Each structure stands twice: as structure tokens, then as C-alpha cells.
Amino acid sequence: MKFHAIMARSFLGKADRIEHNLTLLRKEGRTPKSMEDILNIEKRWERIKEVYLPRLKTAAGHEFLHENLFYFVFLYKEITTVFNEAQTNPVKPGGISLLSPQDLREMTEVSENRKTLAYIGDAALETGVMASTWSLEEPQKIPLNEFLHNERNNLVENEPLSRFWDSLQLNDPPIIANLPPENDETKGSSMEAVFGIIFLESGLGAVEKALKNIKKYSEKAK
């Protein structure tokens, strides 16, 4: 089994537990606020699957096989928030506790998991951008370090990645009160996480292809 597929197992298992534990938390009904927040998460998740994932598929030219991985891209803050709240609000007297303290603690780590996914995407982009920019020069020549550095900065720093994100129109207002709005750093990191998913599903070649495709899509959207 290829290394990227081995890495994917951990994220796929966690994504499935996110979905399962959100269902259990709703059944517990800890607070009216948690019920409202979970309902808003579910509504946004449906919009993500119906609108955003097809848009990402078109732009990247990649067939996303595991949609639950996008919990880490779009809903990590909301998921962390609702499970943090659950840690401080026990199940009502007479109710049935379906989630253990360990379950709740694992779910509050989703924001950290998202950072790991973005780190994987960033590392994959470093290699993917080199492969795509090398071909711009004469193949038999070794490109200058400065050329590769500049091309990398033009594509995979937070600012250009946030422009890719904006061109895909993936922004929604926060669905839970007091969550911070998306800035260039957050959007750039979210774009890295998307490339992280592509790497986990299909490896470096797919990241290189998706980067070229999203760059073209972004240019057409201007």
C-alpha cells in the first residue's frame, strides 16, 4: 500500500467518528444552544456537499472519493466549538450519556487535525509546484534556485492560495456566533487542506495536476 493511503486511514477513521459523534451529541440534547449549533452544522454540511464539493471537483479536476474529509476543511471550528461546550455541560438529569469524556476530548482536537491536514497539503504543494514550474524552462537545463523560489511564492503562499479559495466562492458567514471571519491566512490554510485531501486520496501526481487546474480556473474567474 502506498504511503499516502496509509496516512489517509487515520483521517478517514476520524472523519467517520465526527459524523457519528455529532449524531450522538444531538441525541443527548445537552443544551438548547448545542442543539441549534448542531442543526446549523448539518444544514451547512448539506450545502457543502451539494454546492462546494462539485465546484471543487470541477476546478481541481479531481474526483473526491471521501467527502467526510471535508469536515476538516469547512467545519473544524464549529465542530470544535460544540464539543468544547459539551465538555462543560453534562447530560441533563435522567438523560442517557452516549459520549464518553474521551470521545468529547477527541472531537475538540479537530481544529488541530485540520492544521495537520493543511501541513500535509503544504508539503505536497512544495513538490507539486516544483514539478509544474520545472517544465516551464528547457527540460535539459537546471532552473535557477531564484526562479523556483519565485514561482513557488506566486502559487503556494497564503495570499495566492487565498485567491484560489476566493475564486471558488467557498465563503459563508460563520454559522456559530463569535467565530472569527476568514482571512487570507485562514483561507490559504483551507486551500492547503484541500490539497492535503487530494494527496491522501491519490498522491503527489494528483496534487500537481489539481494545482495546474485550479490555477487555470482561478484565472478564468477573474
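Model, not experiment: these values are computed from the prediction. The basis for the numbers below is simple: all heavy atoms, side chains too, and nothing from hydrogens, waters or symmetry mates.
- Checking side-chain atoms of Ser189 against main-chain N and O of Thr186 turns up no donor-acceptor pair under 3.5 Å.
- Across all non-hydrogen atoms, the minimal contact from Ser167 to Tyr217 is O-CE2, 3.8 Å.
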Q.
Phe70 vs Leu75, test: side-chain contact (heavy atoms from CB on, under 4.5 Å). Steps then yes/no.
A. CA-CA 8 Å; Phe70 283 91; Leu75 290 166; over 6 Å; no
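- In this structure, Met35 is not a member of the same hydrophobic cluster as Ile96, with clusters built from ILVMFWY side-chain heavy atoms closer than 4.5 Å.
- Follow the hydrophobic side-chain contacts under 4.5 Å out from Tyr119 and you never reach Leu204; the two are in separate clusters.
- The structure places CG of Asn21 at 5.0 Å from CG of Leu99, a figure rounded to the nearest 0.5 Å.
- Applying the side chain to side chain contact (heavy atoms under 4.5 Å, CB included) criterion to Gln169, with sequence neighbours excluded, gives Arg55.
- Of all heavy-atom pairs spanning Asn213 and Ala60, the tightest one is ND2-O, 2.9 Å.
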Q: Could you go through the side-chain contact (heavy atoms from CB on, under 4.5 Å) check for Glu78 and Asn40 one step at a time?
A: CA-CA 9 Å; Glu78 291 85 348; Asn40 286 333; over 6 Å; no
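- Between Tyr71 and Trp45, the ring planes are parallel. Angles under 30° get that label, and only those over 60° would be called perpendicular.
- When hydrophobic clusters are built by joining Ile, Leu, Val, Met, Phe, Trp and Tyr residues whose side-chain heavy atoms come closer than 4.5 Å, directly or via intermediates, Leu98 is grouped together with Ile38.
- Under the 3.5 Å distance criterion, the side-chain polar atoms of Arg114 are left unmatched by any main-chain donor or acceptor of Glu109.
- Residues Lys220 and Lys215 form no side-chain contact, since every pair of their non-hydrogen atoms from C-beta on lies 4.5 Å or further apart.
- Residues satisfying the side chain to side chain donor-acceptor pair (under 3.5 Å) criterion with Glu19, sequence neighbours excluded, are Asn68.
- Aromatic ring centres of His66 and Phe64: separated by at least 6.0 Å.
- Put simply, the side chain of Val82 does not reach to within 4.5 Å of the side chain of Glu85, judged on heavy atoms.
- Summarising the geometry, atom CD1 belonging to Ile79 is positioned 11.0 Å from atom CG belonging to Leu25; distances are rounded to the nearest 0.5 Å.
- The closest side-chain donor-acceptor pair between Ser100 and Arg105, if any, does not fall under 3.5 angstrom.
- In this structure Glu67 satisfies the side chain to side chain donor-acceptor pair (under 3.5 Å) test with no other residue, sequence neighbours excluded.
- At a threshold of 4.5 Å between non-hydrogen side-chain atoms, the residues Ile48 and Leu53 count as touching.
- Other residues, nucleotides and ligands place more than 12 heavy atoms under 6.0 Å from the NZ atom of Lys77.
- The side chain to side chain contact (heavy atoms under 4.5 Å, CB included) search around Lys187 returns Ser162, Trp165, Asp166, Asn171, Glu182, Asp184, not counting sequence neighbours.
- Here ring pair (Phe, Tyr, Trp, His ring centres under 6.0 Å) pairs that include residues 180-213, with residues two or more places apart or in two chains, are His4-Phe199.
- Glu159 is listed as a side-chain neighbour of Arg163, based on a closest heavy-atom distance under 4.5 Å.
- Arg30 meets the salt bridge (Lys or Arg N to Asp or Glu O under 4.0 Å) test with Glu28; sequence neighbours excluded.
- In this structure, the side chains of Ile197 and Phe72 stay at 4.5 Å or more apart for every pair of heavy atoms.
- Residues Met191 and Leu168 meet the side-chain proximity criterion, which asks for heavy atoms closer than 4.5 Å.
- Side chain of Asp122 to backbone of Ala118: no donor-acceptor contact under 3.5 angstrom is found.
- For Asn84, the side chain to side chain contact (heavy atoms under 4.5 Å, CB included) criterion is met by Thr80, Gln87, Thr108, not counting sequence neighbours.
- By the salt bridge (Lys or Arg N to Asp or Glu O under 4.0 Å) test, Arg17 is found to be paired with Glu106, residues two or more places apart in sequence or in another chain being considered.
- Under the side chain to side chain contact (heavy atoms under 4.5 Å, CB included) criterion, Glu50 pairs with Glu46, sequence neighbours left out.
- For Ser34, the side chain to side chain donor-acceptor pair (under 3.5 Å) criterion is met by Thr31, not counting sequence neighbours.
- In this structure Glu63 satisfies the salt bridge (Lys or Arg N to Asp or Glu O under 4.0 Å) test together with Lys57, sequence neighbours excluded.
- A donor-acceptor distance shorter than 3.5 angstrom exists from the side chain of Glu201 to the backbone of Leu65, with no hydrogens or angles considered.
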**Q.** Trace of the side-chain contact (heavy atoms from CB on, under 4.5 Å) decision for Phe83 with Val110
**A.** CA-CA 10 Å; Phe83 283 100; Val110 170; over 6 Å; no
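- Closest of all the heavy-atom pairs between Ser202 and His62 is OG-CE1, 3.2 Å.
- Put simply, the side chain of Leu125 reaches to within 4.5 Å of the side chain of Leu161, judged on heavy atoms.
- For Glu42, the salt bridge (Lys or Arg N to Asp or Glu O under 4.0 Å) criterion is met by Arg26, not counting sequence neighbours.
- In this structure the side chain of Ile120 reaches within 4.5 angstrom of the side chain of Met7, judged on heavy atoms.
- Interatomic distance, Leu211 CG to Lys216 NZ, rounded to the nearest 0.5 Å: 11.0 Å.
- Atom CZ of Arg44 sits about 7.0 Å away from atom CZ of Phe74, to the nearest 0.5 Å.
- Atom CZ of Phe11 sits about 8.5 Å away from atom CG of Leu69, to the nearest 0.5 Å.
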Q: Run the numbers on Glu112 and Thr116 for side-chain contact (heavy atoms from CB on, under 4.5 Å), then give the verdict.
A: CA-CA 7 Å; Glu112 292 301 315; Thr116 301; 5.8 Å; no
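- One hydrophobic cluster, built from ILVMFWY side chains closer than 4.5 Å, cannot hold both Leu104 and Val91; they sit in different ones.
- Following chains of ILVMFWY side-chain contacts shorter than 4.5 Å, one can reach Leu24 starting from Ile18, so the two form part of one hydrophobic cluster.
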